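In each ligand, atom 1 is the first atom listed, and ligand 1 is the first ligand listed. All of these numbers come straight from a predicted model, not from anything done at the bench.
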Amino acid sequence: MHYDQCFGCGDVESGLHMRTTVGEHMVVHSRFTVTEAHQGAPGLAHGGLLACAFDEALGSTVGNLLRKPAVTGKLETDFVRPVPVGTTLYIAARLDGVAGRKIYVSAEGRLGSADGQVAVRARALFVQVGFEHFTTHGYADALQRFRSTTRESKWDINP
Ligand SMILES: CCCCCCCC(=O)SCCNC(=O)CCNC(=O)[C@H](O)C(C)(C)COP(=O)(O)OP(=O)(O)OC[C@H]1O[C@@H](n2cnc3c(N)ncnc32)[C@H](O)[C@@H]1OP(=O)(O)O
């Protein structure tokens with residue numbers, strides 16, 4: 001689901017500008033290029049921004065494969081190698097299982113190419129929610145407009 005104000009996939013200037021495609025064996029691929037706006041230590045990606053990229057990639061995996069609204073309940077990250085500014089992180093994510101409303105997903109991010117060195121691994125639990133989760137806690141008017149103008153069309157699989 002593409003929301004233009006989303007920090008992960010939207011058009012926010014300092015955002016991550018991530019796009020997602022679904023590949024073979026239901027592996028969901030995302031890319032994130034680290035810019036000057038994403039630094040923690042000088043010249044290196046901030047860990048929280050990397051976690052954000054994985055939240056986005058894993059959320060997109062849930063959205064693209066299950067097409068059910070869900071939110072992150074738990075997100076774990078292993079930071080294995082530093083990710084320098086200018087690097088593109090290639091994230092491959094998988095759906096590991098579903099148990100009732102609980103959705104388990106995991107991903108790994110590689111440096112520079114789809115077969116580069118692993119820099120980050122992540123696992124998450126998403127919890128399926130009703131649309132009222134967003135209207136109750138978020139901008140209800142904006143969400144209703146977003147829903148009525150997009151419906152199915154913003155689930156962009158391999159645009
Ligand atoms: C394309 C879109 C990309 C989007 C990418 C970005 C996604 C996001 O960042 S979403 C924003 C961040 N997340 C949030 O704001 C969520 C805030 N949390 C909540 O709203 C609630 O805690 C919520 C909805 C997760 C769960 O609450 P609720 O609906 O009452 O369900 P609840 O009964 O507590 O939990 C359901 C099940 O999940 C389990 N669960 C919930 N949270 C956790 C957790 N942190 N760890 C382990 N298990 C958990 C519960 O134990 C329960 O399991 P069971 O069914 O076996 O008893």
- Would you indicate whether the side-chain heavy atoms of V105 and F126 approach each other to under 4.5 Å? yes

- Candidates G138, A124, G59; heavy atom nearest atom 2 (C) of ligand 1 found on G59

- Task: Please work out whether any backbone atom (N, CA, C, O) or any side-chain heavy atom from C-beta onward of V129 is under 4.0 Å from ligand 1, and answer side chain, backbone, both or neither.
- Result: side chain

- Task: Quick one: look at L125 and ligand 1, take heavy-atom pairs under 4.0 Å, and tell me if it's side chain, backbone, both or neither.
- Result: side chain

- Item | Greater than 12 external heavy atoms within 6.0 Å of R123's CZ | yes

- Query: Contact between G63 and ligand 1, counting heavy atoms under 4.0 Å?
  - Reply: no

- Donor-acceptor pair, side chain of E132 and main chain of T136, under 3.5 angstrom: no

- Task: With atom 25 (C) of ligand 1 as the reference point, say which of T20, T61, V127 has the nearest heavy atom.
- Result: V127

- Query: Contact between H133 and ligand 1, counting heavy atoms under 4.0 Å?
  - Reply: yes

- Query: Tell me, do V22 and H29 make a side-chain contact under 4.5 Å, heavy atoms counted?
  - Reply: no

- Can you tell me if CZ on R31 sees more than 12 non-hydrogen neighbours from other groups inside 6.0 Å? no

- Region of D55 that comes within reach of ligand 1 [heavy atoms, distance under 4.0 Å]: both

- Task: For atom 39 (C) of ligand 1, state which one of K74, H137, Q128, K102 supplies the nearest heavy atom.
- Result: K102

- Message: Check this for me: Y139, atom OH, are more than 12 non-hydrogen atoms of other residues, nucleotides or ligands nearer than 6.0 Å?
- Response: no

